[in-house]
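Chain identifiers are assigned alphabetically (A, B, ...) following the order of the sequence lines, protein sequences preceding nucleic acid strands; residue numbering begins at 1 within each chain. Quick caveat, the model's predicted, so the values are computed rather than measured.
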Amino acid sequence: MALWITYEMTFYYVILLRLFTNARLLLRCAAMTETDCCVLDEEDFRRCCRLLLQRSEQLRDGWSWEVVQGSDEGYLRKTALRSVPDPQTSTCSSRPKQSKEEPDCASSLVPDSGRGELDEEDDGSCIVSEGSSVVLQYEYHILYSSSYSTPVLYFRAFTLEGRSLTLEEVWSFVHPNFRLCLQNSPLNALSQQEHPLLGQPFFYLHPCRTEEFMKLVLTAAEDKHRPMNYVLLWLSLVGPAVGLDVPLEYCIEPQPSDPVSDI
Amino acid sequence: MADDKDVLRDVWFGRIPTCFTLNPDEATEREAEPYYLLLPRVSYLPLVTDKVKKHFLKVMKAEDVEMWFEYEGTPLKWHYPVGVLFDLHASNTVLPWSITVHFKSFPDQDLLHCPSNSVVEAHFMSSIKEADALKHKSQVINDMQKKDHKQLWMGLQNDKFDQFWAMNRKLMEYSTEEGGFRYIPFRIYQTSSDRPFIQKLFRPVSPEGSAHTLGDLLNEMYPDALTRDGEKKRYQVLIHGIEPLLETPLQWLSEHLSHPDNFLHICVVPAPTD
């Protein structure tokens, strides 16, 4: 059975799983903004970001809007500390064996034994045994891709001493549940890329499949006549894979608040 | 037109004479001779510098190290085509292009890592896909099979013009009613700002139906690059090392002067002061 599970099936299965777990999120989402289903133009993007930012300020969730010098373009930014199991001391019972070879960073960091390790009865959960944890600094940027008409998530990660994490290390901190989905991407879903506005190396989640899975989710929401904040919804689907959680409170009706920041 | 096909060949076979020298601080007991090479403009540094690595590793004791390149203090971004790096940093300088080779102190705040050619392949294919998203809403690239994608990559990697273009011509097609691609894949580079490049949506045809030119694109995206009447020329606008006329239709440029990644890479550099 595992043999003919294609990339598409696995990917959508995980997305649908998240959809169901996010069902409360979907159903409780108060009217935030209407989006022309599936297509996000730049103006929509900025509007969604403004709303997200407004809610973030109320929740003190740490998002800010950064402007690019000399232009009207900008992006959402957030830094966060993240505690992860120290790979040296922790083990995960359903975690694939580490390959002994030099990892070929782009094509696949997860060794071939990975998929075979999860048998059909395995619910994919990872039991992390006792070990010390490591605190890392993550910095997340949400940009708009005009080529794909979607948001894109860029991020970088550092140890507390300021050393940049390698792609291999970042990959190792992706939760095993997401690894299965990401590893089968034909386009190396998680890779290093030059930040299009800052010019520095970041990691990013490739946006070419975003429209596809957002379509699934948005048509479901449309059927229920639930207007959605595209950016918020997208973030709640892709963020957790790289340690960025979106609290449910984002979807609870906001109280009358302070003036919105000007984006 | 027969002439147009020649342009494709001229672009593909463009070369830059380059001299590679080892960073003097990394010199060992034995003096390292500089290494000379003709670099293809349309390729990428990691694909064409295996011999450079072998040559310098002979005099260094290092193993399993990541080689990187620098020109006059600027680390060279391997994920840009060679020709773009040259035009941006060293056009109007005396040939050969002098590049310094490093094996230590990899600048990970400036450069992406490149542990193998499959990383180059991923970047290359990623650009092609993005270009097709702009040109055809990804329809053409998605209709191709995996082996077709591989053919594009192998054509580039092995310097096989015919193999590459047998597949790439599909990415250059458009319906006659449209008059051109949906949007033109382009990037405008300049050294004067932190921003690595300008890339936005731009149609090849105006709403009235007239063809947009290179001048129209610059006027919209980077008006400073254009010389106003009576002014002295401040900038050169280079594509593959030449200055195309500003009146050239953008659609034509996109079909003939794009790089193999299907993007028009345009460098705006200060005009030489004689």
Would you find more than 12 non-hydrogen atoms of other residues, nucleotides or ligands less than 6.0 Å from Glu43(A) atom CD?
no
Minimum side-chain heavy-atom gap Gln199(B)-Pro196(A) below 4.5 Å
no
Is chain A contacted by the side chain of Asp194(B), its backbone, both, or neither, given a heavy-atom distance below 4.5 Å?
backbone
Nearest-0.5 Å distance that lies between atom CD in Gln200(A) and atom CG in Leu111(B)
11.5 Å
Would you give the length of the straight line joining atom OG of Ser146(A) to atom CD of Glu130(B), rounded to the nearest 0.5 angstrom?
7.5 Å
In Å and rounded to the nearest 0.5 Å, what is the NZ to OG distance from Lys135(B) to Ser147(A)?
12.5 Å
When you look at Gln69(A) and Arg195(B), which way does the side chain to side chain contact (heavy atoms under 4.5 Å, CB included) test go after all the steps?
CA-CA 9 Å; Gln69(A) 209 184 35; Arg195(B) 191 198 183 123; over 6 Å; no
By a 4.5 Å heavy-atom criterion (distance strictly below it), what part of Thr166(A) contacts chain B: side chain, backbone, both, or neither?
neither
Region of Leu197(A) that comes under 4.5 Å of a non-hydrogen atom in chain B
both
Should Arg156(A) and Gln109(B) be marked as a side chain to side chain contact (heavy atoms under 4.5 Å, CB included) after you check the CA-CA gap, both sets of side-chain angles, and the distance that decides it?
CA-CA 11 Å; Arg156(A) 50 186 178 183; Gln109(B) 298 307 304; 4.3 Å; yes
Rounded to the nearest 0.5 Å, what's the gap from NZ on Lys137(B) to OH on Tyr148(A)? Could you check?
15.0 Å
Can you tell me which portion of Ile198(B) sits under 4.5 Å from chain A's heavy atoms? Options are side chain, backbone, both or neither.
neither
Between Lys200(B) and Glu73(A), does any NZ, NE, NH1 or NH2 come within less than 4.0 Å of an OD or OE carboxylate oxygen?
yes
Is it the backbone or the side chain of Lys77(B) that comes under 4.5 Å from a heavy atom of chain A, or both, or neither?
side chain
Polar side chain donor-acceptor pair, His79(B) to Glu194(A), under 3.5 angstrom:
yes
Below 4.5 Å, heavy-atom pairs only: which of Ser164(A), Ser145(A), Ser71(A), Pro207(A) has the largest tally toward chain B?
Ser164(A)
Is the closest side-chain heavy-atom distance between His123(B) and Gln193(A) below 4.5 Å?
yes
